[in-house]
Amino acid sequence: MNNEVIATIAGETITQADFDAYVENFPQEQKAHLANPQAKQHFIDQMITMRLFAKLGEDEKLNESEEYKRIMAEAQREILAQIAVRETIKDATVTEEEMKSYYDSNKEQFTKGATVQAKHILVDSEEQCETIKKEIESGAKSFEDAAKEYSTCPSNARGGDLGEFSKGQMVKEFEDVAFEAEVGSISSPVKTQFGYHLVKVENRSDASVIPFEEVKEKIENQLIQQKRNELYQAKIAELKAKYMKEA
């Protein structure tokens, strides 16, 4: 525990440990800002301001008001409820056998579709496509250099590289060629709504089932959440039967 004093208000010290507790429940994106000294100081100032107003409230006996008592009672109920829910679901666990059973029964969830890695050159006419293709096949230029020089697609800066894509991500005319062309070959001109393309397939991967070990953590989290929800719903039913009377 860090007892370094940050500030003193009416004789009461505020320590670094107090500040750490104050920011503990911040959203993760806010916590990330604490690495910035200016942002951290902003949160410290915010905490001090809150303590100053709390002290003002004590001096003016606002903590004896009905409003204060009502809000505190509601806050206590919410905190108790949160702790009780946490206790209810804390024992949810998942076995290796349960995870494997879920994996085997839901293979469709863990199937990766076929993908293609391709490059292309986009120009305005079929004739220009043919000319560029001949230039590449003659060895005068590489496909990548031709893409940089002629292609009107922003991918030209990467030598026409479109990266890896699956079915449904490209327009149909382009996709049909990309998924059928021989790896390493350069296609004939392909007309789409964008113009005319030369397509070079770099690699193709068939549809495959993702190995269990790669999705094990995802399955575990999903099943634990499911079990927690079951415990939660069962407890609600139990509590209603115990504490609520029929109207």
Nearest 0.5 Å, what's the CD-OG distance between Glu130 and Ser188?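 Those atoms lie 6.5 Å apart.
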CG on Asn3 to OG1 on Thr13, rounded to 0.5 Å: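 These two atoms lie 8.0 Å from each other.
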How about Tyr22 and Arg51: do any of their side-chain heavy atoms sit closer than 4.5 Å?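 Side-chain contact under 4.5 Å: no.
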State, with a plain yes or no, whether a side-chain heavy atom of Phe19 is found less than 4.5 Å away from one of Gln16.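 SC-SC contact between Phe19 and Gln16 confirmed.
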Okay, side chain of [X], backbone of [Y]: is any donor-acceptor separation there less than 3.5 Å?
| X | Y | result |
| --- | --- | --- |
| Lys55 | Ile9 | no |
| Ser101 | Glu97 | no |
| Arg158 | Glu144 | no |
| Ser187 | Val199 | yes |
| Lys227 | Thr93 | yes |
| Asn106 | Tyr102 | yes |
| Glu149 | Ala146 | no |
| Ser125 | Gln128 | yes |
| Thr152 | Leu122 | yes |

Phe179 six-ring centre to Lys167 NZ/CZ under 6.0 Å and within 45° of normal: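 Yes, cation above the ring, under 6.0 Å and within 45°.
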Between Phe43 and Phe26, is the ring centroid distance below 6.0 Å?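 Yes, close enough.
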Between Lys100 and Asp104, is a salt bridge (Lys or Arg N to Asp or Glu O under 4.0 Å) present by the stated rule, with each step listed? CA-CA 6 Å; Lys100 285 183 177 177; Asp104 291 337; over 6 Å; no
Output, in order, the C-alpha distance, side-chain angles, deciding distance and verdict of side-chain hydrogen bond (donor to acceptor under 3.5 Å, both in side chains) for Tyr243 and Glu238. CA-CA 9 Å; Tyr243 295 124; Glu238 177 189 326; over 6 Å; no
Evaluate Asp45 against Gln41 for side-chain hydrogen bond (donor to acceptor under 3.5 Å, both in side chains), listing each step before the verdict. CA-CA 6 Å; Asp45 292 341; Gln41 187 58 51; 2.9 Å; yes
Just checking, is any N or O donor in the side chain of Thr192 or Glu173 under 3.5 Å from an acceptor N or O on the other one?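 Looking only at side-chain atoms, Glu173 and Thr192 do not form any donor-acceptor pair under 3.5 Å.
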Examine Val201 and Val171 and state if one hydrophobic cluster contains both, with Ile, Leu, Val, Met, Phe, Trp and Tyr joined whenever side-chain heavy atoms are less than 4.5 Å apart.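 Per the 4.5 Å side-chain linkage, Val201 and Val171 are co-clustered.
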With a 3.5 Å cut-off and sequence neighbours excluded, list the donor-acceptor pairs that the side chains of residues 65-81 form with protein atoms.
from, atom 1, to, atom 2, distance (Å)
Ser65, OG, Leu62, O, 2.7
Ser65, OG, Tyr68, N, 3.1
Glu74, OE1, Arg77, NE, 3.4
Glu74, OE1, Arg77, NH2, 2.7

